[in-house]
Amino acid sequence: MFKIASIIINNSAKEMDREFDYIIPDELEELIRSGMRVIVPFGSSNKYTEGYVMKIKQGTELTHYKLKKIIDVADKDVILTEELIELAYFIKNKYYCTMWDAIQTIVPAGISLKENIYIKLKAPLSIKIPDKYNEILSCIDDKKYVDISVIEKNFNKKLKRSIIFNMEREGIIELKRKMDQKVKEKTLDIYVPLEVEKCNEFIQNPPPRYRKQAEILKQIIDNKDEHTITELCRKYKCTPGVIKGLEGKGLLVKIKKEIYREPVKDEHVYPKVELTLDQKKALTAIIEGYKNGINTFLLHGVTGCGKTEIYLNLVEKFLKHGYGAIVLVPEIALTPQTVERFKGRFGEVVAVLHSRLSNGERFDEWRKIKSGEVKVVVGARSAVFAPVNNLKLIIIDEEHEYSYKSEMTPKYHTREIAEFRIKQNQGLLILGSATPSFESYYNAKSGAYGLVEITRRVDNKNLPEVRIVDMREELKAGNRSIFSVELFDSIKENLNRGHQTILFLNRRGYSTFVSCRACGYVSKCPHCDVSLTYHSSNNKLICHYCGFESKMHQVCPNCESKYIKYFGTGTERIESEIKKYFPNARVLRMDMDTTRKKGEHERIYNEFKNNNADILVGTQMISKGMDFKNVTLVGILAADMILNLPDFRSSERTFQLITQVSGRAGRGDKAGRVIVQTYDPEHYSIIYASKHDYVNFYNREIQIRKMLNHPPFTDILYVLLTSPKEDELIKACMELKDEFRYLYGRKDIEILGPVPNHISKIKNNYRWHIIFKGEIHKYYEIINETASKKLAGTSINFSFDVNPYSMI
DNA sequence: AGCACGCCGACT
DNA sequence: GTCGGCGTGCTC
């Protein structure tokens, strides 16, 4: 009986989402284990394909003539440990994605293997070659293998792979297949003395002209050096010729040494500080609770209460016991400051993972974690999958943050992944926030999580005073500018006092749309259903969804009128208004546009921190994690911008935003002040946020959630359907609705739609959605099957999002 | 998703 | 008789 491996093949297609059985050849039997990556022949052309071994079994139901053999292992070691295989199954079943996609979210990007085919003419040829092959034959010979992709380029896509495979079958050519990986282990060429005896002989008795070489060789041996040629030259102050000379005599040998790429170069020290009484109490409550079997805690602490110190202490405690830990922070809060603290406290055992790493850097951090060299991982969303050995602690800071929900398939939530991993390992999960998500606070209140609250800031500093300004009144009083009188005066005063100010607006660009006063024409993106945003820095109209750019028109493209009006305000406009009214103020702007280049984020952050600017204008990016001691004024320019979106989370988001941005004020020893500009000053989310009253906000909003049956009281399955063909999409949506008819009227599931999306077209793809509310896991199979059958072979694509963060 | 097979119309 | 278009079905 053969040993059989069931394998998940590299293919994201829904139809391919199953395990394939392969024979494990004798020579690989010792080596292959589940979780290992292998190379197998696949399909009629036996294309070299990568796959992951899920299970190893004794036999198979399949008849043996159908089975093929595994060609080779792709790596020396297992990629997916048992723990991570279980996690992959969890992701697949929870977020309704393919197993391949689940695995790809766990492993680092860039390790997937691609087949490269090389081709050579067979010689000697006994058969006559048909004329149709002449063109291909002119590109190859019988001497050496040629890369098939090079030939394909010459043919301009006209060459079909099947022709090549036919030629192979007919015995005209030979093919060689190789698998290549995008990211490779980085190596350096280092020079080492291999034959010590021969070297010693040379050192004892050097010919006079090689005295220098002998001298250096002796030092290399004495110091057990492992250096590159440049390093050796610098160290021993010699020319490369000396080293090359030693190499030429066979005394030094050039070998490849594997190294890690180092994403964080600066070294910091972050000394241990004495915890405050509140922090100590919280820490004790967590440790005691954990000992008593509570695995998840919600740490609800006001902004500025020093949660990071608690995290550091927890990590330290777990490290002492030899356990590993993952600390997650929102992408935008992964400032150098957070990294500094952990690297400064724990040094070499900390790995950092974030979206700005190159694939190579990420791959190396991942290898360090996997090998156990690193025990603490600090990172954004995807770091929750880090293969930490002996993982016992996961901390999610700012757990309510939206960036914890992935936007790509599978649309996982970091918190749910962390919960699963902690359950697997019987570890401890800490969720920290000043404004917990409704899901977490609900769980804490109902006893599913432990709840630890800190209501005071470090050193009893007061929370900033929050003033609400009614912009309707401003308008009535004749103030048409983007600043209310109160905010304007406060900025002025703050400048005079030499304090810093943060102005927050959740929208980049200069103005959200431009319109012609004469005919009302609005410039829209030709590929998306959105208006174009005007950017003054390069005088362009830009689509924020697909990146389409066009030059700003001088006259209306429709009626040629010269009167063009700019509507809606963005951060660029604020920056220019500030410069207009306060010409002496030093202004910095931080948004997607100013931080596109690597290092710009850090640069602006440091400029402002070092008091090289008076005012910082920014989007979301500046709302969290940043600790500026000299900021005493925060202006929120349009607090109700998200309030009016047709989404059940808009109140929660507004509350969180105001609270988080307000938290930037008064972190030093000076009192802070926040001015919130809004057209809806009576809205409860704005009022409670201004009073720093999370609990009462929660109590009010949770009732609405319950009444309308929204999360956390139910689950939502959001099905997005997209197609470049609008009529085909609409027709299919209507027919689907009809097929789901039998689900109507059921108590445990509710169907909404199909309806066109809030943004009905992005990148030339029309968008509709259907929402299922209720016991979605019971109906998923049937929903998926119905949609797959209906939409197979059409231009329509569909994807699932479980409990989406936004339903618009 | 690819790729092969097969059936049909256009053309030497 | 044969080349190539695309509809259909399979991949261990």
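Lettering follows sequence order; numbering is per chain, from 1.
- Computed from coordinates, the A:Lys66 NZ to C:dC10 P distance equals 9 Å when rounded to whole Å.
- Between A:Phe90 and A:Phe420, the ring planes lie parallel to each other; the angle is under 30°, not in the 30° to 60° tilted range.
- If you take CG of A:Asn10 and P of C:dC12, they are 14 Å apart, rounded to a whole angstrom.
- Ion pair A:Lys731/A:Glu735 flagged as a salt bridge, since at least one NZ, NE, NH1 or NH2 atom sits closer than 4.0 Å to an Asp/Glu carboxylate oxygen.
- In this structure, CG of A:Asn46 is placed 12 Å from P of C:dT11, rounded to the nearest angstrom.
- Here chain A contacts DNA chain B (any atom closer than 4.0 Å to a heavy atom, that is under 4.0 Å), and the contacts span B:dA1 to B:dA4 from 5' to 3'.
- Here the P atom of nucleotide C:dC12 and the CG atom of A:Asp17 are 16 Å apart, to the nearest Å.
- Spacing between atom CE of A:Met16 and atom P of C:dT11 amounts to 9 Å, rounded to whole angstrom units.
- Atom-to-atom, CZ of A:Phe20 to P of C:dC10 comes out at 12 Å; the value is rounded to the nearest Å.
- When rounded to the nearest whole Å, the span between CG of A:Leu67 and P of C:dC12 equals 9 Å.
- Between A:Phe800 and A:Phe798, the two ring planes are perpendicular [angle over 60°; tilted spans 30° to 60°].
- Between A:Arg381 and A:Glu401, none of the side-chain N atoms (NZ, or NE/NH1/NH2) sits under 4.0 Å from a carboxylate O, so this pair counts as no salt bridge.
- Checked for salt-bridge contact, A:Lys92 and A:Asp101 miss the test: no charged N lies under 4.0 Å from a carboxylate O.
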